[in-house]
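Just the heavy atoms: all of them, side chains too, but no hydrogens, waters or symmetry mates, feed the values below. Every chain is numbered from 1 and lettered A, B, ... according to where its sequence line falls, protein lines coming before strand lines.
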Number of protein chains: 2
Amino acid sequence: MSNKTSPWSKDWYKEHDPIYIATDCIIFGFDEGILKLLVFKRRVEPQKGAYSLIGSFVKLNESVTDAAKRVLEEITGLKNVFMEELRTYNEVMRDPGYRCISIGQYALIRISDYDNELVEKHGAIWYPFNELPELVLDHDIMVKDALTRLRRKARYQPIGFELLPEKFTIPQLQNLYEAIYQKQMDSRNFRKKVLSFGVLIKLNEKDKLSSKKGAFLYKFDYDKYQQLVASGINFEV
Amino acid sequence: MSNKTSPWSKDWYKEHDPIYIATDCIIFGFDEGILKLLVFKRRVEPQKGAYSLIGSFVKLNESVTDAAKRVLEEITGLKNVFMEELRTYNEVMRDPGYRCISIGQYALIRISDYDNELVEKHGAIWYPFNELPELVLDHDIMVKDALTRLRRKARYQPIGFELLPEKFTIPQLQNLYEAIYQKQMDSRNFRKKVLSFGVLIKLNEKDKLSSKKGAFLYKFDYDKYQQLVASGINFEV
DNA sequence: CCAAAAGTGTTGAAATTACACCCATGT
DNA sequence: ACATGGGTGTAATTTCAACACTTTTGG
């Protein structure tokens with residue numbers, strides 16, 4: 001129990017059952033054309049050596065969102081990442097330690113930004129999505145759910161940008177979508193579609209890392225995007 | 001605290017903060033062309049007389065889903081209703097009684113089926129969606145969230161059928177969609193669309209309640225629907 | 001000069017929208 | 001006979017999917 005004084009004058013609900021609340025983060029990254037997930041190798045018993053998602057118990061005086069932000073910053077050094085609640089995992093016996101409900105949250109991070117030293121210090125590892133080890137408890141299910149959500153969400157909201165550096169090329173964006181949906185797309189149609197939304201700003205710079213010709217860099221126009229959303233636009237990719 | 005014996009040999013998480021968990025149900029019904037919500041007038045202090053959603057604390061030995069089913073059956077007499085988790089409401093100070101996280105769940109029920117006596121006995125009332133009174137705590141937000149979800153969900157999964165009687169007419173179905181989306185639709189296009197999915201079985205009976213000519217009754221083909229979903233079909237309405 | 005990735009348009013098919021009249025029947 | 005809601009088809013538009021070649025440049 002936190003040793004801060006409680007902001008409630010008394011506990012009106014004493015006759016009910018309190019339950020432990022945890023939050024587990026399904027953290028996606030995108031690097032070298034591969035979708036990756038940040039997992040964590042347990043260094044203490046029980047289940048030492050087993051892989052799990054990154055998570056934490058929720059404290060009495062913090063919201064679930066704050067708890068997730070806290071662990072995320074602790075391990076990656078990043079603030080202000082895109083994060084969204086997935087669902088609760090609330091089966092009575094899901095956790096052998098005690099009754100504990102976990103709230104899954106998935107996060108998208110720019111893999112170029114994170115603090116590698118911090119990540120290693122905490123025993124966290126970026127795993128290619130296709131080569132994930134088995135995870136503890138119901139964390140495998142959480143990962144599956146998160147991918148499903150990411151796929152659905154990316155269809156009608158341009159969240160893909162959260163996984164790319166601030167400046168990116170159209171082919172990079174296409175690679176990301178191909179990694180998310182695990183299928184090839186036609187480059188002409190893809191370009192046409194994403195440009196048609198009018199939320200990409202073409203820059204006067206080229207990225208020459210992946211080709212001799214070089215590809216123009218773009219950035220995402222958040223303001224324009226907000227306007228369009230407000231006006232009720234659809235963003236199916 | 002429930003006085004059953006705990007299925008856990010010991011509490012491994014003693015040093016963490018337990019929190020109360022509640023679940024609140026956003027219960028939609030459809031009656032006489034109007035989308036309705038089942039709300040509840042508090043008959044005890046605090047906030048006696050205020051309206052709230054129907055909810056319950058989650059017990060140590062029941063899942064959140066079970067808790068929601070329990071209150072739903074208690075109040076409507078119905079089992080096996082369509083219900084789905086919406087999201088958690090987890091702000092630290094959302095409940096002045098004590099730290100309590102609520103898990104919102106929305107349910108769709110056939111308004112023809114519920115047990116009216118039970119509903120009245122519990123002080124519950126069907127309110128037209130457009131005339132809802134103010135609700136306690138953050139329940140107004142839950143309702144708003146649930147409507148948003150219902151609208152999104154109804155676009156790609158035929159959950160509308162959950163709100164209609166087993167046998168229904170196409171005009172009834174259209175009325176429902178018009179109530180959900182608050183806009184008029186073209187009857188020819190609507191009919192074409194819903195029939196094109198091939199999940200409606202036309203019956204040899206007519207419903208004559210709303211017209212002299214009478215409209216053919218249909219029922220929903222759950223098996224066919226499952227097949228189509230398995231084969232990866234899209235159901236945008 | 002050549003390998004490798006970037007960039008660009010057109011065409012046919014399919015889906016979506018808009019739109020107006022006849023039908024059946026209870027009163 | 002008439003008012004009421006049920007039922008039907010077609011044409012115009014838009015969106016989507018398929019498809020291949022030219023450009024640039026570092027090595």
Side-chain angles (χ1 to χ4, degrees), chain A residues 30 32-34 154-156 158 164-165 167-179 181-219 228 231-237, chain B residues 30-34 154-156 158 164-165 167-179 181 183-219 228 231-237:
Chain A
F30 182 64
E32 296 173 348
I34 300 174
R155 288 189 68 82
Y156 61 87
L164 293 174
K167 299 174 181 181
F168 54 87
T169 67
I170 307 269
Q172 274 170 25
L173 186 60
Q174 181 173 348
N175 284 339
L176 170 59
Y177 272 84
E178 290 180 340
Y181 293 107
Q182 292 284 308
K183 71 169 188 189
Q184 297 296 108
M185 298 178 182
D186 179 276
S187 66
R188 284 163 292 191
N189 293 340
F190 183 83
R191 181 179 293 267
K192 218 182 302 172
K193 187 77 175 205
V194 298
L195 290 176
S196 74
F197 297 139
V199 294
L200 295 189
I201 301 169
K202 187 173 184 174
L203 304 176
N204 260 328
E205 305 168 63
K206 283 193 164 187
D207 171 83
K208 296 219 164 190
L209 293 177
S210 65
S211 83
K212 304 178 174 173
K213 184 178 179 180
F216 277 104
L217 288 162
Y218 288 77
K219 62 179 190 183
L228 290 173
S231 75
I233 283 262
N234 247 43
F235 276 93
E236 291 246 349
V237 179
Chain B
F30 181 65
D31 190 27
E32 296 173 348
I34 300 174
R155 289 189 68 81
Y156 60 88
L164 293 174
K167 299 174 180 181
F168 54 87
T169 68
I170 307 267
Q172 274 170 24
L173 185 60
Q174 180 173 348
N175 283 341
L176 171 58
Y177 273 85
E178 290 180 340
Y181 293 107
K183 70 170 187 188
Q184 297 298 105
M185 299 177 182
D186 180 276
S187 68
R188 283 163 294 191
N189 294 339
F190 183 84
R191 180 179 294 268
K192 216 184 304 173
K193 187 77 177 202
V194 299
L195 289 176
S196 73
F197 297 139
V199 294
L200 296 188
I201 301 170
K202 187 173 184 174
L203 304 175
N204 259 328
E205 305 168 62
K206 283 192 164 188
D207 171 85
K208 296 218 165 191
L209 293 177
S210 65
S211 83
K212 305 176 174 172
K213 183 179 178 180
F216 277 104
L217 288 162
Y218 288 78
K219 63 180 188 184
L228 290 173
S231 75
I233 282 264
N234 246 44
F235 276 92
E236 290 246 350
V237 179

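As a whole-Å value, the separation of K208(A) NZ from dA4(C) P is 18 Å. The nearest whole Å value for the distance from the CG atom in L209(A) to the P atom in dA4(C) is 18 Å. Straight-line distance from the CG atom of N175(A) to the P atom of dA5(C): 11 Å, rounded to whole Å.
Considering every non-hydrogen atom in both Y177(A) and P158(A), the closest pair reads OH-CA, 4.2 Å. The heavy-atom pair separating G33(A) from A179(A) by the smallest distance is O-CB, 4.0 Å.
Taking F168(A) as the reference, F161(A) meet the ring-ring contact (aromatic ring centres under 6.0 Å, His included) condition, with sequence neighbours excluded. A search for side-chain contact (heavy atoms from CB on, under 4.5 Å) contacts involving N175(A) returns F30(A), E178(A), not counting sequence neighbours. Every residue two or more places apart in sequence or in another chain was checked for a side chain to side chain donor-acceptor pair (under 3.5 Å) with K208(B), and none qualifies.
Listed for the Q174(B) side chain is no donor-acceptor partner under 3.5 Å among the backbone atoms of F190(B).
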Can you give one letter per nucleotide of nucleotides 7-15 of chain C, going 5' to 3': B for a protein heavy atom under 4.0 Å from the base, S for sugar-phosphate only, - for none?
SBBB-----
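For DNA chain D, the contact window with chain B, defined by any atom under 4.0 Å from a protein heavy atom, covers dG5(D) to dT10(D) in 5' to 3' order.
None of L173(A), V194(A), L195(A) except one satisfies the side-chain contact (heavy atoms from CB on, under 4.5 Å) rule with Y218(A); the exception is L195(A).
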Atom pairs and distances, donor-acceptor, side-chain atoms in residues 196-206 of chain B, under 3.5 Å, two or more places apart:
| from | atom 1 | to | atom 2 | distance (Å) |
| --- | --- | --- | --- | --- |
| S196(B) | OG | K193(B) | O | 2.6 |
| E205(B) | OE1 | K167(B) | NZ | 3.4 |
| E205(B) | OE2 | K167(B) | NZ | 2.8 |
| K206(B) | NZ | K213(B) | O | 3.4 |

